K.L.:
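Mind having a look at this structure? Questions to follow.
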Amino acid sequence: MGKKIDVTELILRDAHQSLTATRISLEDMAAACAEIDKAGYWSVECWGGATFDACIRFLNEDPWERLRNFRKLMPNSRLQMLLLGYRHYEDTVVDRFVEKAAENGIDVFRIFDALNDIRNLQRAVTAVRRTGKHAQGAICYTISPLHTIDGFVEVARKLVDLGCDSICIKDMAALLKPQPAYDLVKAIKAECGKSVRVQVHVHATTGVTMVSLMKAIEAGADGVDTAVSALSLGPGHNPTESLVEMLDGTGYETSLDRKRLLKIKRHFNNVRARYKEFLSNITGVDTEIFQSQIPGGMLSNMENQLKQQKAADKMDAVLAEVPKVREDAGYPPLVTPTSQIVGTQAVFNVLMGRYKVMTGEFADLMLGYYGETIGPRKKEVIDQAVKQTGKPLITCRPADLLKPEWQELREAALALPGCNGSDEDVLTAAMFPHVASKFFSTRAEGPKNLGTDPEQAAPPAQEAGKGPSPVRTPITYDVRFGGNTHRITITPA
């Protein structure tokens with residue numbers, strides 16, 4: 001028997017978030033859960049990311065009830081979530097969220113910060129450890145003149161020192177090439193110890209990352225993330241079945257049950273056909289990401305913004321502006337929410353002049369309210385952000401500036417018709433107050449299933465060649481320019 005490689009299955013969360021805009025209902029996933037539960041996975045990712053937003057915004061489904069159902073349907077599995085925030089939350093709110101997530105069924109918390117600022121992870125890691133659950137600290141992998149193997153290893157060391165039970169190399173844009181994958185895993189093991197568990201998460205968009213998984217395994221990675229083939233590739237992930245076959249004869253094995261994988265695949269092949277309206281049309285390979293550093297979702301977001309402003313002809317100028325904005329901001333990794341922030345500011349720069357108008361989010365990024373960046377931020381842009389917002393530059397942990405807000409959040413939630421008064425409802429309202437208000441009022445109607453009969457399905461709503469819009473909160477800007485005020489609403493892709 002060769003070395004066992006653990007596998008985290010993504011089909012119940014990141015796979016359908018990446019390929020069907022997180023629209024698949026619990027009803028269409030539930031029937032496969034018994035097979036998933038017995039297939040031999042190390043963990044099953046089924047919650048977090050955009051699922052919370054999608055449940056209440058589109059599916060009229062309580063995300064906490066979804067988690068409780070997964071817990072009942074997969075009693076033998078470690079249930080995993082991706083823990084991130086669209087903004088910073090006061091520490092006691094983070095504590096309460098982690099406590100309730102653990103209580104409702106989560107066993108493994110993958111925790112990441114878009115800037116790899118360890119200070120922003122500390123409270124969540126401490127909260128997870130308090131529950132006795134598994135805290136997995138994630139490193140957001142990216143490429144820039146300042147990002148190095150040694151730098152990522154330093155982040156890993158800090159995560160271990162923080163008390164993380166394992167480390168995840170998280171490559172959201174499929175930028176992790178095979179040799180850097182080998183070098184990074186090898187270096188983390190050398191620095192942090194062979195006993196430190198290393199997991200590798202990659203997307204498939206650039207077409208090279210299955211080889212990256214193999215090289216990471218050869219370097220000592222303990223586990224990898226994949227998605228059953230029915231919902232894989234494109235902007236999604238590498239296929240679970242392909243990983244199993246790839247390891248044959250290599251001295252490594254997964255111990256996954258091929259027969260159960262086939263049953264899971266057949267189930268989701270049928271499900272996929274029912275969600276044609278939301279299915280990503282990005283099915284091939286895009287190696288241009290290595291040059292542009294622009295993930296596919298960020299690209300479609302910028303295209304949509306320019307179309308809304310009747311400026312689609314400015315796309316090339318925006319593509320040229322993105323790396324300049326990223327450099328000015330200190331080279332943040334382009335992942336939620338920084339990819340949206342940098343991309344939107346690049347659009348504004350092209351349409352209105354460089355930094356003539358800043359979004360509130362970009363100004364906050366420049367002023368330190370998202371955390372510390374790997375590189376220095378451009379002083380002239382910082383000064384402009386101070387002038388526009390009236391806010392000072394900060395160097396402390398952003399959450400340290402927040403006052404205790406749990407009681408205030410509870411009172412606000414209880415004022416919403418349909419709120420049941422539970423901590424779970426308060427947390428839902430805290431994260432998405434406007435959407436939660438509508439959801440609470442319609443929750444009694446029950447979940448919606450957006451899947452259709454494949455024979456009756458309407459053609460995809462998105463433009464040919466474009467993927468669907470991943471779930472994000474729409475942002476409205478009141479922009480004053482040329483003596484006039486313009487209201488711009490952006491629904492990010």
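All figures in this text were calculated on a predicted structure; none of them were measured in a lab.
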K.L.:
Verify whether the ring centers belonging to Phe97 and Trp406 lie closer than 6.0 Å.
P.N.:
no
K.L.:
Quick one: OG on Ser232 to CZ on Phe268, what's the gap to the nearest 0.5 Å?
P.N.:
12.5 Å
K.L.:
Answer yes or no: does atom CD of Glu408 have more than 12 heavy-atom neighbours from other residues, nucleotides or ligands under 6.0 Å?
P.N.:
no
K.L.:
Among pairs that include at least one residue of residues 173-200, which meet ring-ring contact (aromatic ring centres under 6.0 Å, His included), considering only residues two or more places apart or in two chains?
P.N.:
none
K.L.:
Under 6.0 Å from the CD atom of Gln179, do we count more than 12 heavy atoms belonging to anything else shown?
P.N.:
yes
K.L.:
Got a donor-acceptor contact below 3.5 angstrom from the Gln345 side chain to the Thr359 backbone?
P.N.:
yes
K.L.:
Going by heavy atoms in the side chains, are Met366 and Ile382 under 4.5 Å from each other?
P.N.:
yes
K.L.:
Measure from the side-chain N and O atoms of His267 to the backbone N and O of Asp28, and report whether any donor-acceptor pair falls under 3.5 Å.
P.N.:
yes
K.L.:
How about Lys189: does its NZ atom have over 12 heavy atoms from other parts shown lying under 6.0 Å from it?
P.N.:
yes
K.L.:
For Leu176, is there any backbone N or O sitting under 3.5 Å from a side-chain donor or acceptor partner on Ser212?
P.N.:
yes
K.L.:
Report yes if the distance between the aromatic ring centroids of Phe109 and Trp47 is under 6.0 Å, otherwise no.
P.N.:
no
K.L.:
Would a distance-only check, ignoring hydrogens and angles, find a side-chain to backbone donor-acceptor pair under 3.5 Å from Ser229 to Pro239?
P.N.:
no
K.L.:
So, the side chain of Asn104 versus the backbone of Lys100: is there a donor-acceptor pair under 3.5 Å, distance only?
P.N.:
yes
K.L.:
May I ask you to decide if Tyr370's main-chain N or O and Asn120's side chain share a donor-acceptor pair within less than 3.5 Å?
P.N.:
yes
K.L.:
Any side-chain donor-acceptor pair under 3.5 Å between Ser43 and Thr8?
P.N.:
yes
K.L.:
Anything under 30° is parallel, anything over 60° is perpendicular, the rest tilted; go ahead and classify Trp64 against Phe52.
P.N.:
perpendicular
K.L.:
Identify the residue among Lys133, Arg110, Arg129 that makes a salt bridge (Lys or Arg N to Asp or Glu O under 4.0 Å) with Asp165.
P.N.:
Arg129
K.L.:
For Lys391, does the NZ atom have more than 12 heavy-atom neighbours from other residues, nucleotides or ligands under 6.0 Å away?
P.N.:
yes
K.L.:
Assess the residue pair Arg78 and Gln80 against the criterion (side-chain hydrogen bond (donor to acceptor under 3.5 Å, both in side chains)); give the C-alpha distance rounded to whole Å, side-chain angles, the decisive distance to 0.1 Å, and a yes or no.
P.N.:
CA-CA 6 Å; Arg78 291 184 187 91; Gln80 180 172 316; over 6 Å; no
K.L.:
Does Asn76 offer a backbone N or O that forms a donor-acceptor pair with the side chain of Asp37 under 3.5 Å?
P.N.:
yes
K.L.:
With Ile11, which of Leu231, Thr240, Thr226, Val44 fulfils side chain to side chain contact (heavy atoms under 4.5 Å, CB included)?
P.N.:
Leu231
K.L.:
Taking the six-membered ring of Phe290 as reference, does the NZ or CZ atom of Lys177 fall below 6.0 Å from its centre and within a 45° cone about the axis?
P.N.:
yes
K.L.:
Report yes or no: do His237 and Asp225 form a side-chain donor-acceptor pair below 3.5 Å?
P.N.:
no
K.L.:
Given the rule in the side-chain hydrogen bond (donor to acceptor under 3.5 Å, both in side chains) test, do Glu9 and Tyr41 qualify, once you have shown the distances and angles that lead to the verdict?
P.N.:
CA-CA 7 Å; Glu9 177 57 56; Tyr41 292 109; 2.7 Å; yes
